[in-house]
Amino acid sequence: MKTYKIALIKGDGIGPEIIDEAVKVLDSVASCYDFDFSYEEALMGGCAYDITGDPLPQETINISLNSDAVLFGAIGGTKWDNLPREKRPESGLLRFRKELGVYANLRPAVVYDELVNASSLKPEIVRGVDLMVVRELIGGIYFGEPKGRDENRGWNTMVYTRPEIERIAHQAFKIAMTRSKRVCSIDKANVLDVSQLWRDVVTEVAKEYPEVELSHMYVDNAAMQLIRDPKQFDVMLTGNIFGDILSDEASMLSGSIGLLPSASVGAKIGVYEPIHGSAPDIAGQGIANPIATIASASMMLRYALGEISAADKIDEAIKRALSEGYRTRDLAQFDAKEVCSTSEMGSIIANYVAKCKH
Ligand code: NAD
């Protein structure tokens, strides 16, 4: 029997609660297949700082690099907000992604039929939305040099090189091949030189994927189109800062931040995590929605381990739990038949996974 080694980074706030539920579901799916998981826990974020003085201890990098994939909860909290920047939990996470070399962030935004009323947009606009933002994660303005500030000026540099654009474009086209075969590349080529290079390189890479239809859109228009008619998008390919903003906007189509998973891939080891933060306001109360993390575990099976059928099984079980009317508190006002705790939701999904035939 194959055993997959998973590095578990629970982190801060609701991180431990939601990771525990994802593990419950992973163990349940493993019982239906010919594979198993071994988990190794590693520290990151405020909890790591409290114990080691570093938000990203070297041991965490080592454990992660020695695994098949990393399942990550969330980090951060007000307790650590006044630390020097390099000691803050968020710095640990940025450094972690850079150390692992995960340059592509995949963020699906799916609107479940059962939750069309949970969106702040009209049901007819959001029903059937199923898009994927493919965001470049370790380049662009968040990392470009020079950067700095003095008393009266602050500056950052948005820089992309041809190889950086090529590799993220390949990711987007490959993903589009497994979906509806459409890529919309987002830039600001009417104003930014870096975006003109981005557009040229993406257009060149597209020639290697003749089945995929490529379009280009300016980022300001894309922000508007996501609200006007989100169903027009399949894969949205973006640089770092544009993707940061647009993927948060896209996530709101679905109604709760607690539903949406993500994957950071491109290197040997990928990181799978919910898009939300550590939600300190609800930590320890047993009311966090674990679905985003469970769906991240499903992405891990699909993209890191190639266990597509097991991933499908988890996705089906999530849909079933929602269609049967189970809701955590964040979604309680949307057609809930029963409001359940974090742990109950995990158990319901794990149960459906175990029952679902393959
Ligand atoms: P957040 O995503 O933690 O919370 C925003 C709101 O959404 C809160 O009201 C929270 O209760 C709610 N929420 C989030 N996840 C939920 C879930 N699973 N179920 C139900 N409700 C949920 O964002 P924030 O409040 O801006 O940040 C809190 C901390 O998290 C900060 O320290 C921030 O830096 C950090 N953060 C970490 C990550 C990460 O680890 N990847 C991402 C974003 C923010």
Side-chain angles (χ1 to χ4, degrees), residues 8-22 25 42-50 55-56 60 70-83 85-98 100 102 105-107 115 118 120 135 137-138 142 240 243-245 247-252 254-264 270-297 299 318 321-322 326-334 336 339-346 349:
L8 285 184
I9 302 180
K10 295 183 174 181
D12 307 314
I14 60 171
E17 301 167 55
I18 53 181
I19 288 285
D20 286 350
E21 298 317 307
V25 174
L43 292 172
M44 200 203 309
C47 59
Y49 172 79
D50 286 349
L56 178 63
T60 296
V70 179
L71 187 62
F72 172 65
I75 46 92
T78 46
K79 180 179 169 196
W80 303 283
D81 277 353
N82 296 321
L83 290 172
R85 181 174 296 278
E86 71 281 4
K87 297 284 183 198
R88 289 184 52 167
E90 295 77 4
S91 302
L93 181 56
L94 286 184
R95 199 148 51 85
F96 184 63
R97 290 171 176 159
K98 193 97 187 167
L100 262 62
V102 285
N105 186 232
L106 318 183
R107 276 211 196 178
L115 291 175
S120 41
R135 165 190 168 196
L137 197 60
I138 58 175
Y142 293 164
N240 204 342
D244 193 1
I245 298 163
S247 56
D248 266 25
E249 187 186 342
S251 72
M252 268 297 95
S254 80
S256 171
I257 197 167
L259 291 170
L260 295 172
S262 80
S264 300
V271 183
Y272 297 82
E273 57 178 305
I275 68 159
H276 56 73
S278 58
D281 54 331
I282 57 167
Q285 298 176 37
I287 57 174
N289 190 340
I291 289 181
T293 315
I294 294 168
S296 302
M299 287 186 86
I318 292 172
L322 292 172
Y326 293 106
R327 304 279 187 269
T328 41
R329 210 190 60 173
D330 50 317
L331 294 168
Q333 69 271 43
F334 302 109
V339 177
C340 48
S341 68
T342 308
S343 156
E344 283 163 349
M345 181 60 100
I349 295 171

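Counting convention: from 1, in listed order, for ligands and their atoms alike. Source: prediction; values computed, not measured.
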Name all residues meeting the salt bridge (charged side-chain N to carboxylate O under 4.0 Å, His left out) criterion together with Asp20; count only those two or more places apart in sequence or in a different chain, and write none if there are none.
-> Lys10
Decide yes or no on side chain to side chain contact (heavy atoms under 4.5 Å, CB included) for Ile349 and Ile291, but give the supporting numbers first.
-> CA-CA 9 Å; Ile349 295 171; Ile291 289 181; 4.0 Å; yes
Per-ligand residue contacts, ligand 1, heavy-atom threshold under 4.0 Å = Ile14, Phe72, Ala74, Ile75, Gly76, Gly77, Glu90, Leu93, Ile257, Gly258, Glu273, His276, Gly277, Ser278, Ala279, Pro280, Asp281, Ile282, Ala288, Asn289, Asp330
Which residues pass the salt bridge (charged side-chain N to carboxylate O under 4.0 Å, His left out) test with Arg88, sequence neighbours left out?
-> Asp81, Glu90
Which pairs, with at least one residue in residues 282-297 and sequence neighbours excluded, count as a side-chain hydrogen bond (donor to acceptor under 3.5 Å, both in side chains)?
-> Asn289-Thr328, Asn289-Asp330
Using a distance-only test with no angle check, is there a side-chain donor-acceptor pair under 3.5 angstrom linking Ser264 and Asn105?
-> yes
Would you check if Tyr272 and Phe72 make a side-chain contact, meaning some heavy-atom pair closer than 4.5 Å?
-> no
